[in-house]
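Each remark here refers to the structure printed beneath this line.
Proteins come first, then strands; the chains are lettered A, B, ... in the order of their sequence lines, and each starts at number 1.
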Number of protein chains: 2
Amino acid sequence: MISSAILDQRMEHFRARCAELGLAYTHQRMIIYRALASSDSHPTPEGIFEQVRREIPSISLGTVYKNIHTFTEAGLLREVNLLHDSLRLDANLGNHHHFVCVRCKAVTDIPEKDVAPLRLKHPLPDGFVLHRAAAELLGVCASCAASEPDLQTGSS
Amino acid sequence: MISSAILDQRMEHFRARCAELGLAYTHQRMIIYRALASSDSHPTPEGIFEQVRREIPSISLGTVYKNIHTFTEAGLLREVNLLHDSLRLDANLGNHHHFVCVRCKAVTDIPEKDVAPLRLKHPLPDGFVLHRAAAELLGVCASCAASEPDLQTGSS
DNA sequence: TGACAAAGGAGAATGATTCTCCTGTAATAG
DNA sequence: CTATTACAGGAGAATCATTCTCCTTTGTCA
């Protein structure tokens, strides 16, 4: 759960961004976004649907999906797992990092040496056991960048 | 593509591990693993299927999936995207890292400050544009660890 | 008020993955 | 070398998440 101060701030940002983009501030959207914004457990669409259903029993799963996409495009939400659409395999069992192209979803290996060592400066929460760690670098790959005029360097 | 020295080494490891686990060293398995081991582009099961089909036209997609699982359990393969089964959302738009439990797939936020800054020591390949970077920490969460006798600390 | 566009609801369609069931074959002992 | 048995593979049905289609409702604005 999230503190109510942070929740309020997120809801305010949501409202402002909807106005900015001309998105109708509907009851469904507000409830869906609040369900997302008040959670720090990275829910699935199905999970959001179950939660929203308690307040709006007639809500449809399609509406939840549609709004998740709308919010993601609006920058109000991020996908934790950019590659969730299909399984990707890796036969390289050594340590290395991955660069994922946000446009074409291609994964490029980055040698371990090319990134400063990942080091925990504070211990993990109690009871957590770390197996391994790697950097996930997000951006645009060379071939997508070549075929696109607008390259953001960091913000979006 | 992968150098033939590395490919040979991977195939040898594959053969040894099959023997070790009592897995039948079938033609299909050999071709499937070779397709995986000779690629560094992180193929999908479908992609492997297409490639293997060229050598064994009668191969079934189910066989490819079954062996991918077998190989993964044997530690001969890794999933690039542990969370590929379903979309996960994040309304926390600030920088932070993720700890993913390999057992229950729960995602726990790790504050940005708790990990040494991610820094590229060598530039990305030509033309690549970085948007953002985060650490992906893999391991076992507290509740899974509590309900399990065998906790590996790093290798497996 | 009338009409258009955005949104929502319901359920069908799609695509990836898993499952079932039956046949074939690798491993192994004799 | 062959028989046995359990593991593997093939085919296609079933399942599950996600997307799409189509129609209705609602909000907005001339």
Side-chain angles (χ1 to χ4, degrees), chain A residues 14-15 17-36 42-74 76-77 79-89 105, chain B residues 14-36 42-74 76-77 79-89 105 107:
Chain A
F14 171 62
R15 177 191 282 279
R17 190 93 180 103
C18 283
E20 203 174 309
L21 296 172
L23 292 173
Y25 191 76
T26 65
H27 186 54
Q28 284 90 337
R29 282 187 173 156
M30 196 273 279
I31 301 297
I32 292 171
Y33 196 76
R34 202 178 58 198
L36 286 156
H42 309 290
T44 62
E46 189 69 32
I48 294 300
F49 175 61
E50 291 306 338
Q51 189 177 336
V52 170
R53 221 203 235 291
R54 288 188 221 133
E55 283 189 72
I56 312 177
S58 65
I59 192 98
S60 122
L61 181 56
T63 299
V64 172
Y65 271 101
K66 273 184 281 195
N67 281 306
I68 284 173
H69 289 148
T70 304
F71 298 164
T72 303
E73 277 158 29
L76 286 161
L77 214 55
E79 302 185 358
V80 173
N81 46 343
L82 222 56
L83 300 174
H84 69 274
D85 37 313
S86 160
L87 185 57
R88 298 295 197 87
L89 287 325
K105 308 290 171 71
Chain B
F14 171 62
R15 178 191 283 278
R17 190 94 180 102
C18 283
E20 202 174 310
L21 296 172
L23 291 174
Y25 190 77
T26 64
H27 186 54
Q28 285 90 336
R29 281 187 174 157
M30 196 272 279
I31 302 295
I32 292 170
Y33 196 75
R34 202 178 57 197
L36 286 156
H42 309 290
T44 63
E46 189 69 31
I48 293 300
F49 176 60
E50 292 306 337
Q51 189 177 337
V52 169
R53 220 204 236 291
R54 287 186 221 134
E55 283 189 73
I56 312 177
S58 65
I59 192 98
S60 121
L61 181 57
T63 298
V64 172
Y65 271 101
K66 272 185 282 196
N67 281 305
I68 284 172
H69 289 147
T70 304
F71 299 163
T72 302
E73 277 159 30
L76 286 160
L77 214 55
E79 302 185 358
V80 173
N81 46 343
L82 222 55
L83 300 173
H84 70 273
D85 36 313
S86 160
L87 185 57
R88 298 294 197 87
L89 286 325
K105 307 289 171 72
V107 179

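Along DNA chain D, the nucleotide closest to K66(A) and the one closest to I56(B) are compared, and the more 5′ of them pairs with I56(B). Both Y25(B) and S60(A) sit near DNA chain C, but only S60(A) has its closest nucleotide nearer the 5' end. Residues H69(A) and A24(B) each lie close to DNA chain D; by heavy-atom proximity, the contact nearer the 5' end of the strand is made by A24(B). Comparing S86(A) and T26(B) by the nucleotide of DNA chain C that holds the closest heavy atom to each, the one mapping nearer the 5' end is S86(A).
Look at CD on E46(A): it is 8 Å from P on dT18(D), rounded to the nearest Å. Rounded to an integer number of Å, the gap from Q28(A) CD to dT25(D) P is 14 Å. R29(B) places its CZ atom 11 Å from the P atom of dG10(D), with the value rounded to the nearest Å. Between M30(A) atom CE and dG27(D) atom P there is a gap of 15 Å when expressed in whole angstrom units.
For the pair N67(B) and dA8(D), the criterion of a side-chain N or O lying under 4.0 Å from OP1 or OP2 is not met.
With salt bridges taken as basic N to acidic carboxylate O contacts below 4.0 Å, none links R53(B) and E46(B).
The nucleotide range of DNA chain C contacted by chain B, defined by atoms under 4.0 angstrom from heavy atoms of the protein and reported 5' to 3', is dA16(C) to dA27(C).
Ring centroid separation for the pair F14(A) and F71(A) comes in under the 6.0 Å cut-off.
The backbone N or O of I68(A) sits less than 3.5 Å from a side-chain atom of T72(A), completing a donor-acceptor pair.
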